Number of protein chains: 2
Amino acid sequence: MKIIPVDVSASVNVIFLPKKVAKDLGIIEHDRLVLKVKNYQIICVVDLINGDKILVSKNVADKLKLDGPFDAELEVLKKPLALNYVRKKLDGKKLSEEEINEIIKAIVNDELSDVEKTYFVSACYCNGLSDDEIVNMTKAIVNNGKHITFNGIVVDKHCAGGIPGNRTTMIIVPIVAAAGLKIPKTSSRSITSPAGTADVMEVLAKVDFDVDDLKKIVNEANGCIVWGGGVNLAPADDKLIKIRQVLNLDPTGLLLVSILAKKYAVGSKYVLIDLPVGETAKMSLKEAENLADYFIKIGEMLGMKIKVIITDGSQPIGNGIGPALEAIDVLKVLMQSKDRPLDLEEKAVEMAGMIFEMVNLEKFGKKGRQLAEYILKSGLAYEKMKEIIKLQQGNVFEPRQIEEKLGKFVYVYRSKKKGKIRKIDNKKIAELAKIAGNPFDKYAGIYLYKHLNDSVAFDEPLFKVYSNSELKIKEVEERINFYENKNEKIIEVK
Amino acid sequence: MKIIPVDVSASVNVIFLPKKVAKDLGIIEHDRLVLKVKNYQIICVVDLINGDKILVSKNVADKLKLDGPFDAELEVLKKPLALNYVRKKLDGKKLSEEEINEIIKAIVNDELSDVEKTYFVSACYCNGLSDDEIVNMTKAIVNNGKHITFNGIVVDKHCAGGIPGNRTTMIIVPIVAAAGLKIPKTSSRSITSPAGTADVMEVLAKVDFDVDDLKKIVNEANGCIVWGGGVNLAPADDKLIKIRQVLNLDPTGLLLVSILAKKYAVGSKYVLIDLPVGETAKMSLKEAENLADYFIKIGEMLGMKIKVIITDGSQPIGNGIGPALEAIDVLKVLMQSKDRPLDLEEKAVEMAGMIFEMVNLEKFGKKGRQLAEYILKSGLAYEKMKEIIKLQQGNVFEPRQIEEKLGKFVYVYRSKKKGKIRKIDNKKIAELAKIAGNPFDKYAGIYLYKHLNDSVAFDEPLFKVYSNSELKIKEVEERINFYENKNEKIIEVK
């Protein structure tokens, strides 16, 4: 039969069958066919169409290394074993190591349709995952993905936060790498926040590298800050995340799997996890405490030493929000500029110190923090960051290179009264930054003049919004008015 | 922007966006865009592609009545409200009438992607539905679909069974219609069984009609037997069923909704439900009893009188399995042939009698059954069936018209010993019929020579398999040998 590739759907192997053909083959939508071309074969999920031509999504043709229309044999395939296990999990039963591996393997090979993957995510969400299931899924994801080994001690950090401006990674990585530890850091891009670490790093350098690049950079500089999606360390997890994003689902089990698989894949033995808590943070203190115990236990089962710190997430960290403004904050800390954000510096030094202490108590004693401080203050961290930026093909080393590109349209929000800052609403601040253009417009964002407990005079600026679009600045203003009319405070002064 | 229609995906409005375009618009996969063409607009779900052209699925172009490439404006849409409620249900909370209606409306309008619909089905499966939710969903499906009103008393029957050969509908409809009651019966095609009632009726007549046709046929003949999928009475339910089929999920709540919505839409006030139970039936006695209570309660809430009979599902009903062979059974009962299957006749007469008693106790007293018997024996039912067949543009009225078309390749399975039939495995019989070609090959199937408790001599035929494919008959033989080697009985003789 003649098959025509068509440039649609890149995430599942799809074959589009005319309804008549499907009827003759005795199959229904979401069934599976094996497409056989000479010595190759590939499993595709069936989508029914009204036309009379058989089409396949381009990724199928790519995998077969075919360009135009081609001939193939079609064979009806029984439902993959993996689906029995998806059903089993949906029915609230526990899955074995083999069963989980079967599901993850099918996901990596694009043999499960979006519907089937969604059933799996729902099952994990509604019925939860046992500790063994979490460990087995983490291993299955790594075994069906990539695995890197480094010489030396490999450490990592992660923030399960969502606090605007919390860019400690870009300070911790150079400090830790300067001390000779390996820290192959992969970070995410923003989905629903103004900026992910990958977006911020991208203001300074390239972040889209493959596994081999990552290995090379880390072997040279001890550290990197690259985009996890590009490295594709845990392809099954990336595919599950796409499904979870549809409803913004973060079921604890899958969240742990997602975070730990990426650490496990690069052989990290020591991992520091930052869980910010607060009224407008992602988590409450209680949730964070539960999650911390969970992380430590699962880490042990995976042979990782995990330390969790619960941090103050009641306000943004640093002054800038949005990729460019956050990158400026980071460079200022590394360069030890006078106007650097001290809250960001303090948090990064504290965390880097903890990593030092985790790795070798005897050598650093309680002095991890002092070492971190020394590396930062002496300029060693900044030198290391410049090395990493260069290795990542970047050429932005100073704040002024970024400042001159900031959004031309600005709006300054001023205090309506004299007093002290009592509350800053992370969510509203993030929302305004997104209205201004983040994360897609890197040079949009918000600069915060004040933090909690700072004193303000009447009419003193509280924050400044930057955007490249006059329309967007107007929308920001409208949104601010909307909150003021409802008497909902973005920043509360009392 | 220039948009190109492409003949893929018929069940959701899809727009295929090059990744670059999506990034510029600030949207991710499964987000939604409004496509604006002159005065029309349509909501599409986003699929990301690697190419550089913007494509839409053909159903979108069809809805806009456009043929070739066209110009349109794109507007990013917030996630529909319905998704908040899907999430709410996934979190185990109850949904209000308005919330359910919002979800069903979005499904009917193809505004929810397959992933989103799957989340909803999973939520209903894992967390169950309350009585109010079932009632509200039934109403929402009907309100967002079609609604027919008939003069007179409207009755219906339904079998939630899956017992091979259980074709009572095609006998009950003509009996009941001949008595002057309205019975606008919509039936399903087989998905996983050898035949659905619509497949069997299709051996005699057309079954694919729209609502207006259905109304006309029923107003003329009092009854019809058409394919529910064609009538499209409950489009939201049909879309949910497609998602459920992927894992063969029959969550009780959605099952009730699915059955009752179709009855509610045609204004049925009296509904008889047949729940066959048995070792190899779909349900155990306990499950059937629970379901029965459920049906009656929900029926009351919907203003329907529902009666449930729990029947013997320990063996196939009638002699034929597969569309053609079951149609022969039905015609033989209606014509009162000497060799008609008496078990099928008995069950149909019993059920028709119950319907008469439900409708009007005073008029028929305990004599519902006698009336049903009279209508059948007198030939009135057969006359009515011929009228229905003609109105449904059919011309098959006698078994011999079917018999001459039965599959040419046959295999006769004989008893290995003398004794009595102790067990018949419904599932294995159904499986063999499907291997022989059912339901797609209507003239394939199985003829059962014996039923439970019948005596058999050594080497006496137990059943005969028909197929149009020599290969398939060989596969049937192989499968039978497979079971014999494992000492699993298809039919147990002792």
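Remember, it's a predicted structure, so these values are computed and weren't measured experimentally.
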Working note: D52(A) + K20(A), criterion side-chain contact (heavy atoms from CB on, under 4.5 Å); need CA distance, chi angles, decisive distance, verdict.
CA-CA 8 Å; D52(A) 53 8; K20(A) 167 97 190 56; over 6 Å; no
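Side chain of E133(B) to main chain of S130(B): a donor-acceptor pair is present (N/O by atom type, distance under 3.5 Å, no hydrogens or angles).
For K63(B), the NZ atom counts as densely surrounded, since its 6.0 Å shell holds more than 12 non-hydrogen atoms of other residues, nucleotides or ligands. For NZ of K206(A), the number of neighbouring non-hydrogen atoms (other residues, nucleotides, ligands) closer than 6.0 Å is greater than 12.
Residues satisfying the side chain to side chain contact (heavy atoms under 4.5 Å, CB included) criterion with S188(B), sequence neighbours excluded, are absent altogether.
Of the residues considered (N127(A), L83(A), L90(A)), L90(A) shows the highest number of contacts with chain B, using heavy-atom pairs under 4.5 Å. For chain B, the option among S113(A), C126(A), P439(A) with the highest count of heavy-atom pairs below 4.5 Å is C126(A). For the options E116(A), K117(A), R87(A), K242(A), heavy-atom pairs under 4.5 Å to chain B are most numerous at R87(A). Taking chain A as the reference chain and counting heavy-atom pairs below 4.5 Å, the highest number among D91(B), V86(B), D31(B), I28(B) is found for D91(B).
Only the side chain of Y125(B) has a heavy atom closer than 4.5 Å to any heavy atom of chain A. For L112(A), no part sits under 4.5 Å from any heavy atom of chain B, backbone or side chain. Heavy atoms of K79(A) lying under 4.5 Å from chain B belong exclusively to its side chain.
Residues D441(B) and K472(B) form no side-chain contact, since every pair of their non-hydrogen atoms from C-beta on lies 4.5 Å or further apart. Using a 4.5 Å cut-off on side-chain heavy atoms (C-beta onward), I4(B) and I54(B) make no contact.
Scanning residues 243-251 of chain A against chain B with a 4.5 Å non-hydrogen threshold yields I243(A), R244(A), Q245(A), V246(A), L247(A), N248(A), L249(A), sorted by number.
The residue from I27(A), I43(A), N13(A) that alone fulfils the side chain to side chain contact (heavy atoms under 4.5 Å, CB included) condition with L33(A) is I27(A).
At a cut-off of 3.5 Å, with distance as the only test, a side-chain donor of D237(B) or S258(B) sits close to an acceptor on the other residue.
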